[in-house]
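Note sheet for the following structure.
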Amino acid sequence: MQDGYLKVATITPMVRVADVEFNTKEICNCIDEALAKKVKLLVFPELCITGYSCQDLFFQNQLLQRALEGLQKIVKHSQGADALIFVGLPLAIEGKLYNVSAAICNGQILGIVPKTYLPGYNEFYETRHFHSGRDLNTMIRIGEMEVRACTDIIFECRQMPSLRVSSELCEDLWVPESPSIKHCKAGATVIVNLSASNEIIGKGRYRRSLVSAQSARLVCAYLYASAGPGESTQDVVFSGHNLIAENGTILAESERFTKNMTISDIDLEYIESERRRMTTFEPDCSSHYTKVEFSLNMEETSLSRYIDPNPFVPSIEQEREYRCNEILTIQAMGLRKRIEHIGCKKVVIGISGGLDSTLALLVTAKAFDYLDLERIGIIAVTMPGFGTTDRTYDNAVMLIRQIGASFKEVNISKAVRQHFDDIGQDENVHDVTYENSQARERTQILMDIANKENGIVIGTGDLSELALGWATYNGDHMSMYAVNCSIPKTLVRYLVKYYADTSDNLDLKKTLYDILDAPVSPELLPPDGDKIMQKTEDLVGPYELHDFFLYHMQRLSQSPSKIYRLAKLAFADVYTEDVILKWEKTFYKRFFSQQFKRSCLPDGPKVGSVAVSPRGDLRMPSDACVNTWLEQI
């Protein structure tokens with residue numbers, strides 16, 4: 001339960017219809033198996049103690065009595081178990097029969113939650129047997145225990161205040177206004193659904209989207225446990241389709257038509273931080289909920305969920321291609337509007353032969369195509385200097401020609417040397433002045449050409465560089481519209497590759513693939529022959545690490561220690577723990593110290609959930625101290 005993580009499970013046990021003794025033993029065996037795996041929250045299917053498909057046998061007192069005895073055996077079996085457990089059964093209360101979930105912890109029944117919405121259509125006829133629990137709110141006796149029975153209960157963990165659980169049952173999710181809506185508005189962070197959803201063509205996909213969407217709308221974890229093998233197949237078949245979702249993401253999903261235990265780890269800190277961030281997630285403080293406390297032992301959760309080392313890049317190729325096309329379109333549409341609004345017919349862009357300027361040129365060409373403007377109006381400028389290599393220069397020239405832009409070359413060496421003389425800079429001293437003088441000279445050239453041609457300068461810097469402040473203030477930091485400003489470095493490569501893969505121009509493909517193969521470098525230091533002597537990632541650290549840190553800090557609001565823990569798992573076979581720690585320190589130091597550069601960024605399109613525009617996603621003081629974060633590291 002460290003760092004807000006909680007190991008949870010949705011479980012489909014084998015059942016025999018109306019064989020309570022068999023079902024109870026199976027449930028107890030599953031509990032033992034889950035506890036051995038350190039699961040803290042267990043959810044079983046609807047009516048699992050009897051089986052969902054008992055039909056009119058639910059009218060038999062013998063079955064109802066056995067179900068109650070089965071519940072008590074499960075409660076007794078849970079004595080000493082460090083978990084919150086939900087099981088389903090039919091329960092007679094005050095002369096009516098209810099379809100309920102029972103919350104159990106350490107030998108105690110914490111509460112009984114009845115089903116609100118009873119389907120009585122198509123293959124379902126629960127209204128024949130059960131009564132809606134909508135208006136039920138009473139105390140009942142089960143054995144020696146007095147227990148609250150009502151729909152509006154939140155089970156709260158004393159040791160982990162962010163763990164607040166409420167329950168609904170099957171059809172409660174499928175209605176226009178499900179009970180989980182008011183549960184979450186009343187503070188629940190986890191919804192458990194005890195279900196018995198039969199399988200027909202297409203229903204599995206719809207069920208998956210329903211659970212995913214509900215967890216997203218309610219900013220919660222949603223645990224869906226469904227009935228499976230063993231239920232009667234007289235008219236329908238049950239697949240045991242179990243799902244664990246967190247704020248719209250399916251963390252784990254069972255293989256259907258099997259007895260199964262689906263396990264994952266939910267992040268309660270993330271859920272809480274998302275709710276705080278969303279001003280439209282409005283709690284309902286007037287609701288009169290019963291709050292029932294329970295206790296769990298605090299211990300580190302061994303994570304089983306997948307930690308993506310590249311959170312900005314979809315791992316599934318089809319989804320990645322879709323995302324790349326969408327991003328390129330958003331970038332180009334943003335630039336299209338700016339060009340159209342100011343009425344210019346030309347733009348100026350510096351092309352180095354590197355990935356960022358390549359992407360910016362591809363986006364600009366796409367924008368010109370949308371506007372039906374000739375690409376000759378794109379003035380692409382190469383500005384070779386002291387660190388330019390033949391490979392990057394040749395790629396820049398070929399790229400410009402193949403795109404169909406206007407080519408212009410301005411060698412900056414002479415102007416920079418004159419500037420060195422003016423300010424007294426020794427050309428043999430390769431310090432920050434030596435490097436930044438070149439970057440600012442290039443920006444001045446681009447700005448002045450734009451004035452001369454009545455155009456605008458297109459910025460090429462990316463999100464990762466802005467996060468680290470890896471840009472020369474009033475140099476490559478500045479432009480008139482920055483098309484890459486919310487594209488992380490790890491994603492830039494995939495966007496360029498997607499463009500290459502889908503291009504019909506074979507020469508352009510070849511050039512783009514060579515650009516993709518070259519090391520990332522600002523090329524501000526003289527090369528050794530044609531060998532690049534200044535590799536960005538040697539100086540500032542691997543961009544895949546920095547993008548990982550940025551996503552988890554900015555998007556998920558996670559602490560440095562939690563990010564370090566996740567990075568160790570995500571990059572276990574790539575970087576040592578010391579290397580990860582070194583670059584995480586660098587990330588935080590640079591992120592805080594370089595805010596002044598982000599406070600005056602030019603306009604540019606937001607394309608993802610992480611951005612650093614001072615007008616949009618990141619309103620951060622330029623003088624904020626990093627000490628609190630570094631102390632934890």
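None of these values were measured; they are calculated from a predicted model. When reading the values below, keep in mind they use all heavy atoms of this one structure, side chains included, and skip hydrogens, waters and symmetry mates.
- Shown are His241, Arg207, Glu46; of these, the side-chain hydrogen bond (donor to acceptor under 3.5 Å, both in side chains) with Ser197 is made only by Arg207.
- Salt-bridge formation is detected for the pair Asp267/Lys562: a Lys NZ or Arg NE/NH1/NH2 atom is positioned less than 4.0 Å from an Asp or Glu carboxylate oxygen.
- The aromatic ring centres of Phe571 and Phe548 sit less than 6.0 Å apart.
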Please test Asp82 against Lys38 for salt bridge (Lys or Arg N to Asp or Glu O under 4.0 Å), starting from the C-alpha separation and ending with a verdict. CA-CA 9 Å; Asp82 188 38; Lys38 302 294 184 181; over 6 Å; no
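- Between Asp617 and Lys606 there is a salt bridge, with a side-chain nitrogen of the basic residue lying less than 4.0 Å from a carboxylate oxygen of the acidic one.
- Aromatic ring orientation, Tyr98 versus His131: perpendicular (interplanar angle above 60°, classes split at 30° and 60°).
- Ion pairing of Lys40 with Glu299 is present here, as a side-chain N (NZ or NE/NH1/NH2) and a carboxylate O approach within less than 4.0 Å.
- Stacking of Lys185 on the aromatic ring of Tyr289 is not recorded, the 6.0 Å distance cut-off and the 45° axial limit not both being met.
- Salt bridge annotation for Lys115-Glu171: absent, with no cationic side-chain nitrogen under 4.0 angstrom from a carboxylate oxygen.
- Below 30°, between 30° and 60°, or above 60°: for Tyr121 and Phe124 the angle between ring planes is above 60°, a perpendicular geometry.
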Pair Glu300-Tyr5, side chain to side chain donor-acceptor pair (under 3.5 Å): steps then yes or no: CA-CA 8 Å; Glu300 182 173 329; Tyr5 287 112; over 6 Å; no
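- The existence of a salt bridge linking Glu69 and Lys73 is excluded, since no basic side-chain nitrogen approaches an acidic carboxylate oxygen closer than 4.0 Å.
- Lys182 and Glu177 are not joined by a salt bridge, as no carboxylate oxygen comes within less than 4.0 angstrom of a charged side-chain nitrogen.
- The cationic group of Arg134 lies under 6.0 Å from the six-membered ring centre of Tyr117 and within 45° of the ring axis, placing it in a cation-pi geometry.
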